[in-house]
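I have placed the structure first, in the form of structure tokens, so that the comments after it can refer back to it.
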Amino acid sequence: MRERVEATSGTVTALVGGLVGLLGWYADAELRARAGFAPGPDWSVLYAELPPTVLAGAAAGLLAWLLPRRWVPGPPVAGYAGRAVLAAVVLIGFWLAVQGWYAGLPEPAMDRKP
């Protein structure tokens, strides 16, 4: 039973991390797609930014869940609660890092017609 709980909770944490990465990427994706110098959209926002951001979010959540497994002593409930809090803090930090990273990208220039 413990193995099922461990596997399920790790899977859920990885999925939540991927969702945090997806939401962090999606926040200003349309603005970033239009920020290029070309007249068309910049498709690298979709194929070069989305997969690493989602995978990094899943990895951050999963690592925050798995690493303290050996370092948190006590009953399993206290260990799960501590690991869940740590995973939440890491994912919030990841969200803020993604937002800070994408905030530094160029803003689209407004089209001015005479």
Side-chain angles (χ1 to χ4, degrees):
M1 181 69 176
R2 181 174 164 94
E3 292 84 15
R4 286 185 183 176
V5 171
E6 188 74 23
T8 303
S9 57
T11 302
V12 168
T13 304
L15 289 174
V16 169
L19 181 65
V20 167
L22 177 66
L23 293 176
W25 170 84
Y26 181 73
D28 292 327
E30 184 179 355
L31 289 175
R32 290 192 313 273
R34 298 183 192 280
F37 294 106
D42 181 11
W43 290 105
S44 70
V45 171
L46 181 64
Y47 67 81
E49 293 178 8
L50 176 62
T53 306
V54 171
L55 290 175
L62 194 57
L63 286 176
W65 181 255
L66 291 176
L67 285 180
R69 181 176 167 184
R70 298 179 190 258
W71 299 319
V72 178
V77 174
Y80 287 141
R83 289 164 56 192
V85 168
L86 178 65
V89 168
V90 166
L91 289 177
I92 289 170
F94 179 74
W95 168 269
L96 294 173
V98 166
Q99 293 304 310
W101 174 265
Y102 288 139
L105 295 177
E107 291 291 325
M110 298 297 291
D111 291 336
R112 296 180 192 248
K113 296 184 180 182

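What you see is a predicted model; the values in this text were computed from it and never measured.
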Item to check | ILVMFWY clustering at 4.5 Å (side-chain atoms), partners of Val90 | outcome: Leu86

Checklist entry - Looking only at heavy atoms, what is the nearest atom pair of Ala87 and Gly61, with distance? => result CB-O, 4.3 Å

Next on the checklist: Trp25 and side-chain contact (heavy atoms from CB on, under 4.5 Å): which single residue from Val20, Leu50, Val98 fits?
Outcome noted: Leu50

Please report, to 0.1 Å, the donor-acceptor pairs under 3.5 Å made by any side chain of residues 51-60, with sequence neighbours excluded.
from  : atom 1 : to     : atom 2 : distance (Å)
Thr53 : OG1    : Glu49  : O      : 2.6
Thr53 : OG1    : Tyr102 : OH     : 2.8

Checklist entry - Going only through I, L, V, M, F, W and Y residues with side-chain contacts under 4.5 Å, is there a path from Trp95 to Trp101? => result yes

Item to check | Straight-line distance of Gln99 CD to Phe94 CZ, nearest 0.5 Å | outcome: 10.0 Å

Checklist entry - Would Val85 and Val5 show up in the same hydrophobic cluster when neighbours are defined by side-chain heavy atoms closer than 4.5 Å? => result no

Item to check | Atom pair CG/CZ of Leu66 and Arg83 - distance to nearest 0.5 Å | outcome: 6.5 Å

Checklist entry - Would Val89 and Leu91 show up in the same hydrophobic cluster when neighbours are defined by side-chain heavy atoms closer than 4.5 Å? => result no

Next on the checklist: Hydrophobic cluster membership, with links at side-chain heavy-atom distances under 4.5 Å among I/L/V/M/F/W/Y: are Leu96 and Leu23 in one?
Outcome noted: yes

Checklist outcome for this item: Rounding to 0.5 Å, atoms CD (Glu6) and OG1 (Thr11) come to a distance of 10.0 Å

Checklist entry - Applying the 4.5 Å side-chain criterion to the ILVMFWY set and letting contacts propagate, would Tyr26 and Leu15 be lumped into a single cluster? => result no

